Amino acid sequence: MNWKKLQNGSDIRGVALEGVEDELVNLTPEVVETIGRSFVAWLRNTLGADRPVVAVGTDCRLSGPSVKAAFVRGAVAAGATVADCGLASTPTIFLYK
């Protein structure tokens, strides 16, 4: 897995569904779960929080529900409490407390 290929500035970008010409799926459920676990590990180390709270949401892309579910599995496995904000814009997620 080329993890750096997923980095796009401060975002993670990739292909989650078959059908993008000349692109392989690289945001598999296993990869997204690993990202969720890693993010929570980073939060725990950075914030010193035993059980950090992570807000998640999706946009209207077809891959949203499966990507979100995989991230949530990884985050919960790493000890986070997850707040599912459903269909939500990025600014809305930023405002979650």
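All values reported here derive from a predicted model rather than from experimental measurement.
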**Student:** Salt bridge (Lys or Arg N to Asp or Glu O under 4.0 Å): which pairs involve residues 42-55, sequence neighbours left out?
**Tutor:**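 Listed once each, the pairs would be none.
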**Student:** For residues 5-15, please give each side-chain donor-acceptor pair under 3.5 Å, one per line with the distance, not counting sequence neighbours.
**Tutor:**
| residue | atom | partner | partner atom | Å |
| --- | --- | --- | --- | --- |
| Gln7 | NE2 | Gly9 | O | 3.4 |
| Asp11 | OD2 | Arg13 | NH2 | 2.9 |

**Student:** CD1 of Ile35 to CG of Leu27: how many Å apart, nearest 0.5 Å?
**Tutor:**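 Reported to 0.5 Å precision, the distance equals 6.0 Å.
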**Student:** Ignoring hydrogens, what is the shortest heavy-atom contact between Val82 and Ala75? Give both atom names and the distance.
**Tutor:**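 Where Val82 meets Ala75 most closely, the heavy atoms are CG2-CB, 3.9 Å.
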**Student:** Any salt bridge (Lys or Arg N to Asp or Glu O under 4.0 Å) pairs touching residues 14-30, not counting sequence neighbours?
**Tutor:** none
**Student:** Per the salt bridge (Lys or Arg N to Asp or Glu O under 4.0 Å) rule, what does the pair list look like for residues 54-66, sequence neighbours excluded?
**Tutor:**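 Listed by first then second residue: Asp59-Arg61.
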**Student:** Kindly give the cluster partners of Ile93, where membership spreads through any ILVMFWY side chain lying under 4.5 Å from a current member.
**Tutor:**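 Its cluster mates, by chain and number: none.
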**Student:** Hydrophobic clusters here meaning ILVMFWY residues chained together by side-chain heavy-atom distances under 4.5 Å, can you tell me if Leu24 and Leu17 are in one?
**Tutor:**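 Shared cluster, no.
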**Student:** Suppose we screen for side-chain hydrogen bond (donor to acceptor under 3.5 Å, both in side chains). Which residues come up paired with Ser38, at least two apart in sequence or across chains?
**Tutor:** none
**Student:** Other members of the hydrophobic cluster containing Tyr96, with the 4.5 Å side-chain heavy-atom rule, please.
**Tutor:**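 Same cluster as Tyr96: Val53.
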**Student:** Please enumerate all residues that pass side-chain contact (heavy atoms from CB on, under 4.5 Å) together with Ala49, with sequence neighbours excluded.
**Tutor:** Leu47, Pro52
**Student:** In the structure I gave you, are the side-chain heavy atoms of Thr81 and Val54 within less than 4.5 Å of one another anywhere?
**Tutor:** no
**Student:** Hydrophobic cluster mates of Leu95, side-chain heavy atoms under 4.5 angstrom, ILVMFWY only, any path?
**Tutor:** none
**Student:** For Trp42, which residues count as a side-chain hydrogen bond (donor to acceptor under 3.5 Å, both in side chains) partner, sequence neighbours excluded?
**Tutor:**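 If we apply the side-chain hydrogen bond (donor to acceptor under 3.5 Å, both in side chains) test to Trp42, skipping adjacent residues, the hits are Thr46.
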**Student:** For residues 62-74, run the donor-acceptor check on the side chains, cut-off 3.5 Å, and write out each pair with its distance to 0.1 Å, sequence neighbours left out.
**Tutor:**
| residue | atom | partner | partner atom | Å |
| --- | --- | --- | --- | --- |
| Ser66 | OG | Ser63 | O | 3.1 |
| Lys68 | NZ | Asp84 | OD1 | 2.8 |
| Lys68 | NZ | Asp84 | OD2 | 3.1 |
| Arg73 | NE | Glu33 | OE2 | 3.0 |
| Arg73 | NH2 | Glu33 | OE2 | 3.2 |

